[in-house]
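For reference, the structure discussed in these notes is given below.
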Amino acid sequence: MKKLILAVFALTLLTTACEKSKNEIADTNVVEAEPTIEQYGYILNDFNVIRDTIRKGDTFGDILFANGVSQDKIMEVATKFRDSFDVRKIGIGKPYVLLNSKDSLNKTQVFIYETNKVDFAVVDFRDALSIYNSQKPVRYEEREASGVITSSLSATMEEQNLSPYMTDELANIYAWTINFFKLQPGDRFKVVYTEKFIDDTIPGGLQEIKAAYFEHRGKPLYAFKFASDSKEKLSGYYDENANNLKRAFLKSPVKFSRISSRFNLKRRIKYYGFKLRPHRGTDFAAAIGTPILATADGVVTKSERRGGNGNYVKIRHNGTYETQYLHMKARNVKVGQYVSQGDVIGWIGMTGNTSGPHVCYRFWKNGKEVDPFKEDTPFSQPLPKELHEQYFANLLPMKEKLDCIVF
C-alpha cells in the first residue's frame, strides 16, 4: 500500500512538472503583437516614421527630394494644389511627419505638415496624388478651480498650476469692474472652465471660462458667459441679475501695469520750487513696447507727434467723452479710423516730456479733463428682457457649481 501511494505521488509530480514544462515552452513561443498606432488617419506601423520640424533654409522640395520623391511630383504639388497646401508658406519651427515605405528605398509616401496643434495638411504620393486638410480629434473637459490672492493674480495662478491664459481671461472679464492694479491679499476667485485636449490626451490649453466668481475687498462679483441662440447672436459676460459686466470704458489702457502718478490738479513738484503743476492725466507705468489699448469704442481724431506729448493718440467716443494717450513709442492707428474697445492703438514709450516709460492717460467729459477713476461711467446695454428666461435657465446650474467650489 505504501509503495502504491509513493507511485501515485511520483506520477503526480511528473505530470505537474510536464504541464509546467509545456506551459513554459508555450510561453516562449508566444509573440506579442505590435500595438497598432493610428494617427492622422494612417496606421503608422505600416511605415517608417520620421518626425522633424522645419528649419531655417528648409524647403518643401528639398525635404521631399532628399526622401526619394521625384521633382515632377514636387512640382505638381507646388503648382496644381496651391489652394489646398501652399508649399511657400511652410514656417520655421512647424512640425512635419514623413511616412516612408518599409523597404530598401525608404521613400516618402505621405507628407504631413502641422499648421498648428490641431490643423494639419496631408500630401499623399501613393497612387494618384491627393492633398487635403484635416484636424486632430479634439475634446473639451469641464473643470473647476479656485484660489486666494497672496501677491498677484498671476502668482496665484502659478501656485495653483493653472494656465497663465486664465489670468488674461479673468482680467478681460472683470476689466470694467475690478482694478487689477489694486488686488488685495485675501481677494479670491472661483472658475468653471473648459480645457482642450488634442488626440484625447495632449493638453491644448484653456478653451473658455464658462462662469466665474471674484471676491474683491469683500464684494462678490459673479460672471456668467452667455451666447444667445437668437438672430442677434449676443455674447458676453453678465452678472446674476443679467447686467452686462462690460462698461463703456476700461479701467486702464494697459493690462497689469501700475499707476505711477494720479490725476492731481493741486500737484506741486519740489524740482520746480513747489510751484503748482497740475497733472491732468493718470500715468500707467509699464515696460517699453507694452501694448496700449483703446478704453472704449470710438473714432481717432488725433494721431501725431507733438511737443511734450510725444507720440499720442486721441479718440472721440461720443458727444460726451474723449480719451488721449501720450508718450507712445509708436502709434498703431490713423486719424478717422474707428477703433473698438481693447484694440491696440500704440505701444508704451518715452517720447515727449517723460522721465520713464509710461502712458499718460487723459479723460475728457464734456470738453473738460477729469479723473476717470472718479467718474461713474455707464454700463453697456443690459441683456434684453426677452432673453432673460434663457439666460437664467443657463445661470442656475452654473451658479450652483460655483457656490459649491471650496477655496
Side-chain angles (χ1 to χ4, degrees), residues 140-197 203-226 236-247 249-260 262 282 284-287 290-291 293 295 342 372-374 376-377 379-380 391-392 394-407:
Y140 301 98
E141 185 175 305
E142 186 176 285
R143 297 193 164 190
E144 298 173 353
S146 65
V148 179
I149 306 298
T150 52
S151 57
S152 69
L153 182 58
S154 57
T156 304
M157 291 293 175
E158 191 173 345
E159 290 167 6
Q160 301 294 324
N161 294 317
L162 296 171
S163 167
Y165 294 110
M166 193 175 288
T167 303
D168 285 339
E169 284 299 304
L170 282 175
N172 288 335
I173 292 169
Y174 290 108
W176 302 271
T177 50
I178 295 176
N179 185 350
F180 277 87
F181 314 122
K182 287 194 169 184
L183 291 182
Q184 302 291 312
D187 285 355
R188 50 191 188 168
F189 65 89
K190 304 175 186 181
V191 287
V192 177
Y193 65 101
T194 51
E195 188 170 353
K196 180 192 295 184
F197 288 89
L206 176 70
Q207 175 65 14
E208 67 170 355
I209 292 178
K210 299 174 77 173
Y213 170 91
F214 211 109
E215 192 174 303
H216 177 50
R217 298 186 177 217
K219 182 180 179 181
L221 295 162
Y222 284 95
F224 301 95
K225 188 168 187 180
F226 178 71
Y237 287 91
Y238 300 83
D239 67 14
E240 68 271 35
N241 298 313
N243 293 315
N244 196 334
L245 287 185
K246 183 177 180 180
R247 280 187 181 267
F249 289 88
L250 292 173
K251 287 273 188 181
S252 161
V254 185
K255 287 184 180 179
F256 304 108
S257 175
R258 64 181 179 85
I259 296 176
S260 55
R262 289 188 171 276
T282 304
F284 293 88
T290 301
L293 314 177
T295 56
F373 287 98
K374 293 182 179 179
D376 185 19
T377 55
F379 278 102
S380 294
Y391 174 73
F392 286 113
N394 294 332
L395 175 151
L396 289 174
M398 276 295 152
K399 187 174 185 299
E400 186 175 346
K401 285 183 181 180
L402 281 175
D403 291 343
C404 289
I405 298 173
V406 178
F407 288 108

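Positions are given from 1, in the same order as the sequence printed here.
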Listed by chain and number, what are the side chain to side chain contact (heavy atoms under 4.5 Å, CB included) partners of Asn241, not counting sequence neighbours?
-> Asp239, Asn243
Check the surroundings of atom OH in Tyr140: do more than 12 heavy atoms from other residues, nucleotides or ligands lie under 6.0 Å from it?
-> yes
So do Lys401 and Lys210 actually touch side chain to side chain, heavy atoms under 4.5 Å?
-> no
Using the ring of each side chain (for Trp, its six-membered ring), is Tyr391 parallel, tilted or perpendicular to Phe226, with breaks at 30° and 60°?
-> perpendicular
Would you mind reporting whether Phe284 and Ser252 have side-chain heavy atoms less than 4.5 Å apart?
-> yes
Just how far is it from atom CG of Asp187 to atom CG of Leu153, taken to the nearest 0.5 Å?
-> 10.0 Å
Taking side chain as C-beta onward, heavy atoms only, is Leu206 less than 4.5 Å from Tyr193?
-> yes
What distance do Thr150 atom OG1 and Gln184 atom CD have between them, rounded to the nearest 0.5 Å?
-> 13.0 Å
Over 12 foreign heavy atoms within 6.0 Å of CD, Gln160 | yes
Can you measure from CD (Glu169) to CD (Gln207) and round to the nearest 0.5 angstrom?
-> 10.0 Å
Those residues that, when tested against Arg188, pass salt bridge (charged side-chain N to carboxylate O under 4.0 Å, His left out) (two or more places apart) | Glu215
Side chains of Phe214 and Leu183: closer than 4.5 Å at any heavy-atom pair?
-> yes
Is there side-chain contact between Val192 and Ile405, with at least one heavy-atom pair below 4.5 Å?
-> yes
Side chains of Arg262 and Phe373 in contact at under 4.5 Å (non-hydrogen atoms) = yes
Could you grab the distance from atom CD of Glu208 to atom NZ of Lys196, nearest 0.5 Å is fine?
-> 11.0 Å
Partners passing side chain to side chain contact (heavy atoms under 4.5 Å, CB included) against Asp403 (at least two apart in sequence or in another chain) = Tyr222, Lys399
Could you walk me through whether Leu402 and Phe224 pass the side chain to side chain contact (heavy atoms under 4.5 Å, CB included) test, one step at a time?
-> CA-CA 10 Å; Leu402 281 175; Phe224 301 95; 3.9 Å; yes
Any side-chain heavy atom of Lys255 sitting closer than 4.5 Å to one from Asn172?
-> yes
Would you say the side chain of Met166 lies within less than 4.5 Å of the side chain of Ile209, judging by non-hydrogen atoms?
-> yes
